[in-house]
Amino acid sequence: MTAWLDPLRAALDEAPVTFFFRDDDAGWQDERLRRLLAVFDRRCVPVDLAVIPCALGTKLARELRARGPTVGLHQHGFAHANHEVEGRKCEFGPSRGEEEQRRDVEGGRALLEERLGPALDPIFTPPWNRCTPTTGRVIAAAGFRVLSRESRAPRLGIDGLDELPVHVDWLAHRAGVRLTREELGERLAAHARRGGPIGVMLHHAVMDDADLRGVDELLRVVASRAQVARMAELVPVAA
């Protein structure tokens, strides 16, 4: 039943690495988020949530504040709204100037600080994993210490801003077709052989029961053969 994870088992038996799990879009589909968190609770594995400031309700905020240190919380843009007329979707893209971006970054942080308090980590994940160098300068000036996007994105190289990319998208597609479990297992194994930390990106809002079962299978393997850390543990966010 879990043969799709055999390549990852073999890779981790050769050289254990560190993983982290980043689930995006907290604030959307709260009940699906609760179900995903229950999977992580069952396996005693930490997870980081990228929280949309404008979408976070008071009930979920209260629940997240009470979760404790196994759930990391950080900012996911402002409203998860696309501002680009052409090209790929982006909330912090080339059509937006520094002042516009600063307004949303700081406004979003204020909302999350009000609702989540000291539980908030100084990490910023832009919606759709896309932003500009202007975004990097704005978030660094605002006190963020870490930017998290996809590993394919070129590093911005901004002083005082570390970057912690995700490498494997649970919902990844190739040529418009979603990867099979076997293909996903091979991709996880390939990154494990390159060394860590390895970031796995989840999107609870569009994950079904089969996805939750698959994540549970993955967590069982990773928890028994590798280290799993929160994002804040992998970079010097307190600097």
Side-chain angles (χ1 to χ4, degrees), residues 21-37 47-65 67 71-150 152-153 156 158 161 163-166 169-171 199 201-207 231-232 237:
F21 291 85
R22 195 193 83 197
D23 175 59
D24 290 0
D25 303 338
W28 290 350
Q29 297 288 339
D30 292 355
E31 190 53 42
R32 291 191 182 191
L33 174 58
R34 294 182 183 102
R35 293 176 64 198
L36 178 65
L37 289 174
V47 61
D48 285 271
L49 303 183
V51 185
I52 305 169
C54 290
L56 179 63
T58 54
K59 181 179 180 182
L60 181 60
R62 183 169 60 250
E63 293 174 16
L64 294 181
R65 287 198 306 270
R67 292 291 307 189
V71 177
L73 305 170
H74 69 269
Q75 185 170 337
H76 192 34
F78 179 64
H80 208 302
N82 175 40
H83 293 279
E84 298 302 310
V85 176
E86 298 179 350
R88 298 188 299 175
K89 293 180 178 180
C90 195
E91 185 170 35
F92 294 85
S95 69
R96 307 193 75 205
E98 183 172 332
E99 187 54 40
E100 289 179 300
Q101 294 202 31
R102 179 180 296 108
R103 181 192 64 215
D104 280 1
V105 167
E106 295 182 353
R109 183 177 64 175
L111 282 173
L112 292 183
E113 286 177 342
E114 176 185 347
R115 296 171 185 175
L116 298 175
L120 195 62
D121 290 322
I123 300 171
F124 188 88
T125 290
W128 297 286
N129 288 281
R130 299 175 191 134
C131 68
T132 64
T134 296
T135 316
R137 293 190 294 271
V138 166
I139 64 174
F144 289 88
R145 295 292 173 260
V146 182
L147 172 66
S148 184
R149 298 175 295 163
E150 290 184 342
R152 293 172 295 179
L156 300 182
I158 293 173
L161 186 67
E163 300 194 39
L164 186 61
V166 290
D169 180 359
W170 180 263
L171 300 170
M201 178 171 61
L202 308 171
H203 285 87
H204 67 272
V206 291
M207 292 170 64
M231 294 169 70
V237 296

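Everything quoted here is computed from the prediction, not taken from an experiment.
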Closest heavy-atom pair and its distance - Ala50, Thr125: CB-CB, 4.2 Å
Nearest heavy atoms of Asp121 and His74, plus distance in Å: O-CB, 3.8 Å
Nearest heavy atoms of Phe144 and Leu161, plus distance in Å: O-CD1, 3.9 Å
Side-chain donor or acceptor of Asp23 paired with backbone N/O of His204 under 3.5 Å: yes
Point-to-point distance, once rounded to the nearest 0.5 Å, from CZ of Phe124 to OG1 of Thr135: 7.0 Å
Spacing of Cys90 atom SG and Arg96 atom CZ [to the nearest 0.5 Å]: 9.5 Å
Between CD on residue Glu63 and CG on residue Asp30, distance to nearest 0.5 Å: 7.5 Å
From Leu111, Leu73, Leu116, residue fulfilling side chain to side chain contact (heavy atoms under 4.5 Å, CB included) relative to Leu56: Leu116
Heavy-atom side-chain contact between Asp25 and Val206 under 4.5 Å: no
salt_bridge(Arg34, Glu31) N-O dist < 4.0 Å: yes
Minimal non-hydrogen separation, Gln75 against Val105, with atom names: NE2-O, 3.2 Å
Side chain to side chain donor-acceptor pair (under 3.5 Å) assessment of Glu98 paired with Thr134: CA-CA 6 Å; Glu98 183 172 332; Thr134 296; 5.7 Å; no
Straight-line distance of Phe78 CZ to Asp104 CG, nearest 0.5 Å: 5.0 Å
Separation of Leu60 CG from Leu49 CG (nearest 0.5 Å): 8.5 Å
Nearest non-hydrogen partners of Gly77 and Phe92, listed with the distance: CA-CE1, 3.6 Å
Arg22/Ile123 under side-chain contact (heavy atoms from CB on, under 4.5 Å): CA gap, chis, key distance, verdict: CA-CA 12 Å; Arg22 195 193 83 197; Ile123 300 171; over 6 Å; no
Under 3.5 Å: donor-acceptor pair, side chain of Glu163, backbone of Leu156: yes
Verdict with reasoning, Trp170 to Met207, per side-chain contact (heavy atoms from CB on, under 4.5 Å): CA-CA 9 Å; Trp170 180 263; Met207 292 170 64; 4.0 Å; yes
Residue pair Arg102, Glu99: steps toward the salt bridge (charged side-chain N to carboxylate O under 4.0 Å, His left out) verdict: CA-CA 5 Å; Arg102 179 180 296 108; Glu99 187 54 40; 2.9 Å; yes
Shortest non-hydrogen contact from Ser95 toward Glu100: O-OE1, 4.0 Å
Check: Thr132 side chain, Pro94 main-chain N or O, donor-acceptor pair, under 3.5 Å: no
Evaluation steps, side-chain contact (heavy atoms from CB on, under 4.5 Å), between Leu147 and Cys131: CA-CA 10 Å; Leu147 172 66; Cys131 68; 4.2 Å; yes
N/O donor-acceptor pair under 3.5 Å between Arg65 side chain and Arg115 backbone: yes
Under 3.5 Å donor-acceptor, Glu91 side chain and Ala79 backbone: yes
Rounded distance (nearest 0.5 Å) linking atom CG of Asp48 with atom CE of Met201: 14.0 Å
